[in-house]
**Q** 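Structure provided below as structure tokens; questions to follow.
Heavy-atom basis, side chains included; hydrogens, waters and symmetry copies ignored. Residue indices begin at 1 and follow the sequence shown. Because the structure is a prediction, the values reported are computed rather than measured.
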Amino acid sequence: MEKIKPIKHLNWRQKVLISILGSFIIIMSFLFYITYHYFVKKVEAGNEKVVLLNFEQAEKDLENILKNAELSLNKYAASDQVWKFGYEYPKTDIEDSKLKMRISESFHSEMLVNREIAALGILKGDGNGIMSAAVGKNRTGETDITGKTLDILMEAKNKYPYTVWIPGWELELNDLSPFKVMAQTPSLVGIKAVGINVDLKEESFLFVAIDEKNIQSTYRPVAFNDSRAVLVDKKGQIISDTDKSMLGKIYYKGSDTQNIEYSLGFYGWRLCDMIPKEEYLKDANEIRNFGVIVIISAIIATAVVAFVWSRKYTKPIELLMENMHHVKRQEFDIEKPGKLGWEELDQLNEELYSTAQSIKEYINRLKQVEDEKRREELMALQYQMNPHFLLNSLNSIRWMAMMTNNTIVADTLVRLGKIITPVLRNPSLTWKVKNEVEFLENYAAMMQLRYGHDMEYKMNCEKALYEIEFPRFILQPLIENCFVHGSSQEEMRTIEVVIECNDCMDVKVINSGIFLNEEELNQIRNKMKSKLKTSDHVGLANVSKRLELLYGDKGYMSVETDYKLGLIVHIRFRQHVEMPNKECI
């Protein structure tokens, strides 16, 4: 009978070893699973927290941009010029051209105030339109209103008085359309119906374009770790993208990215950030591989890492983010950081602080340079007196010395000294009205010596105005022009200066006997506005430029012809003055 072999059982040592190894493997796998997925979730939660925090600020910035643009549209919807262009056709081509020019100039002025606007335009239902771009392009012409463009205009009309926002590329425009530039460049276009007519062909629409770069600037800080941030409309179409490659496509959630979405409180739009998992899981994969090797000390290592993470990483990063937030809002007075944790992060905080201080100093230097440049330009314009005046005056004195006695020469020298003294000794930009009046009387007397006494000079100014601040030598170039271009040996002519103050300072210089047609007046006005230096009409250009530098848009200058009085140069500017029973602001 064959002997039965006994079944081999595991001894207790093997069981203990297997139990220990099994328990270790289970514990290791469990700890690894918990650690790995906990880290991934923490990273994803941190990403979401940072992204949503930035999206909240982006929402405010984007809403401000759109609201400011809509305010501009509302402003022009109530503009008399826009209504005249849209519903009251000009009677002549000249009136039409002038109206279009005024509207274009108004659009450019609006874009100078709101630099986030890339273009402004108005389009009538019959296709006639005007478009002005911030880059300096003005266009007028006809637009074929068909297809998708027609649908968009109908939508804008149906949503009156609200503004419809669409991507620029959705405008299907012919190549000759003045609005083609809005469709060629990535931008958001707002369209508002003026809303006076039922028939679309008799309606008018206002357009405003915001460049894609300005839209991106509101949410671009969200894009980190090679992520892509996009703006999605209510149809799921991507209307703004940090790298522009997905513009016009439908937004979808990929399995290889962490998609963080933020619903905006307007137009049903969403901000979405797509963070590649491969990028932010690199650290997690390294921890997984490292955890397999050092699992025996996992608990201790986890406690140490947690402590170091909190102490060496979190606080410096929070400080860095807070300071970056201040710098983003152009608040450069940030607190100087101390030693909080890792040397690299502390160094980043110190570099950010140094950069902020450098930017602050640079801005201050720019302001100082700009102020100095402005004052130097004013001073240069103020002292740009005709050098021939002194030479010709001295020649007149020499001639008088030959023809008269020394008393007349001495009196003439005294009068010339009264003219030269304030020019050379007083560097200020303004003085009293009485100083200007006295200077002009002496100056006119000297000019009468040069040109003879066929020009009569009159000053009409109440003494109550004598103590008001007045720009120095502002009238001298105008008086000189009267003598140079207005004197006549055939008849006595008059130079009359009228200085008044009601709501502002009003000054008129009237030269009798000089009458210019409209073409000649336009030539003078264009040369006054031109920045090119020419030999003719330099005095008028000098006065116009000084008014602009001293008073900005509160200064005004015009040249007109009155067929009874003659040539009239009118100067008006606003400034605060105090005087008895009168007030000028």
**Q** Counting only heavy atoms from other residues, nucleotides and ligands, does the tally under 6.0 Å from NZ of Lys180 exceed 12?
**A**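 Buried by this count: over 12 neighbours within 6.0 Å.
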
**Q** Say whether, by atom type as modelled, one donor and one acceptor occur between the side chain of Glu436 and the main chain of Phe473 under 3.5 angstrom.
**A** yes

**Q** Can a salt bridge be assigned to the pair Arg525 and Glu560 using a cut-off of 4.0 Å between side-chain N and carboxylate O?
**A** yes

**Q** Return yes if some donor-acceptor pair links the side-chain N/O of Lys192 with the main-chain N/O of Pro161 below 3.5 Å, else return no.
**A** yes

**Q** Under 4.0 Å between a side-chain nitrogen and a carboxylate oxygen: does that hold for Asp506 and Arg572?
**A** yes

**Q** Taking the side chain as every heavy atom from C-beta outward, state whether Arg472 and Leu429 have any atom pair closer than 4.5 Å.
**A**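 No, their side chains stay 4.5 Å or more apart.
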
**Q** For residues Thr143 and Pro178, report the shortest heavy-atom separation together with the two atoms involved.
**A**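 Thr143 and Pro178 have their closest heavy atoms at OG1-CD, 3.5 Å.
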
**Q** Quick check against the 3.5 Å criterion: does Ser72 have a side-chain atom that pairs as donor or acceptor with the backbone of Asn68?
**A**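 It does hold such a pair.
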
**Q** So, are Glu469 and Lys432 salt-bridged, with charged N and O less than 4.0 Å apart?
**A** yes

**Q** Please examine the side chains of Ile122 and Phe85, heavy atoms only from C-beta on, and report whether any two atoms are closer than 4.5 Å.
**A**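 Yes. Closest side-chain heavy atoms under 4.5 Å.
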
**Q** Does CG in Asp80 sit with more than 12 non-hydrogen atoms of other residues, nucleotides or ligands closer than 6.0 Å?
**A**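 No - once you tally the heavy atoms of other residues, nucleotides and ligands closer than 6.0 Å, there are 12 at most.
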
**Q** Within the distance-only criterion (no hydrogens, no angle test), does the side chain of Arg115 pair as donor or acceptor with the backbone N or O of Ala134 below 3.5 angstrom?
**A**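 Here the side-chain-to-backbone pair does not exist.
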
**Q** Measure up the Tyr556 and His570 rings against each other and bin them: parallel (under 30°), tilted (30 to 60°), perpendicular (over 60°).
**A** perpendicular

**Q** Within the distance-only criterion (no hydrogens, no angle test), does the side chain of Ser104 pair as donor or acceptor with the backbone N or O of Lys100 below 3.5 angstrom?
**A**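 A pair under 3.5 Å: yes.
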
**Q** If you measure from CG on Asp553 to CG on Leu547, what distance do you get to the nearest 0.5 Å?
**A** 12.5 Å

**Q** Looking at CD1 of Ile495 and CD of Gln448, how far apart are the two atoms once the value is rounded to the nearest 0.5 Å?
**A** 7.5 Å

**Q** Using a 3.5 Å distance criterion without hydrogens, assess whether the side chain of Trp165 forms a donor-acceptor pair with backbone atoms of Val189.
**A**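 Side chain of Trp165 to backbone of Val189, a donor-acceptor pair under 3.5 Å: no, none is there.
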
**Q** With sequence neighbours left out, what residues match Asn138 under side chain to side chain donor-acceptor pair (under 3.5 Å)?
**A** His108, Ser132

**Q** Please report the C-alpha distance between Tyr466 and Cys461 in whole Å, then the side-chain angles of each, then the deciding distance to 0.1 Å, and finally whether the side chain to side chain contact (heavy atoms under 4.5 Å, CB included) criterion is met.
**A** CA-CA 8 Å; Tyr466 275 18; Cys461 177; 3.9 Å; yes

**Q** What's the spacing between Ile65 CD1 and Ile215 CD1 if we round to 0.5 Å?
**A** 5.0 Å

**Q** How long is the span from the OG atom in Ser79 to the CG atom in Asn74, to the nearest 0.5 Å?
**A**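 Those atoms lie 12.5 Å apart.
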
**Q** Could you please spell out the steps behind the side chain to side chain contact (heavy atoms under 4.5 Å, CB included) verdict for Phe470 and Leu475?
**A** CA-CA 10 Å; Phe470 198 83; Leu475 301 181; 4.3 Å; yes

**Q** Sequence neighbours left out, what passes ring-ring contact (aromatic ring centres under 6.0 Å, His included) with Phe107? Give chain and number order.
**A** Tyr76

**Q** Counting only N and O atoms by type, is there a donor-acceptor contact under 3.5 Å from the side chain of Lys463 to the main-chain atoms of Lys434?
**A** no

**Q** Please check this pair: side chain of Ser217 against backbone of Asn214, looking for a donor-acceptor N/O pair closer than 3.5 Å.
**A** yes

**Q** Distance-only, no hydrogens or angles: does the Glu361 side chain make a donor-acceptor pair with backbone N or O of Ser358 under 3.5 Å?
**A** no

**Q** Examine the side chains of Glu212 and Ser240 and answer whether a donor and an acceptor come within less than 3.5 Å of each other.
**A**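 Indeed, the side chains of Glu212 and Ser240 share at least one donor-acceptor pair under 3.5 Å.
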
**Q** Hey, does Met557 have a side-chain heavy atom less than 4.5 Å from the side chain of Val569?
**A** yes

**Q** Would the distance check show the side chain of Asp211 and the main-chain N or O of Ala118 forming a donor-acceptor pair, the cut-off being under 3.5 Å?
**A**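 A pair under 3.5 Å: no.
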
**Q** Find the distance between OG (Ser187) and CD1 (Ile117) and round it off to the nearest 0.5 Å.
**A**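 Going from the OG atom of Ser187 to the CD1 atom of Ile117 covers 12.5 Å.
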
**Q** Once you round to the nearest 0.5 Å, how far does CE of Met455 lie from OG of Ser512?
**A**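 Met455 atom CE to Ser512 atom OG measures 6.5 Å (nearest 0.5 Å).
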
**Q** Check the pair Asp61 / Gln57 against side chain to side chain donor-acceptor pair (under 3.5 Å), numbers first and verdict last.
**A** CA-CA 6 Å; Asp61 296 339; Gln57 182 61 42; 3.0 Å; yes

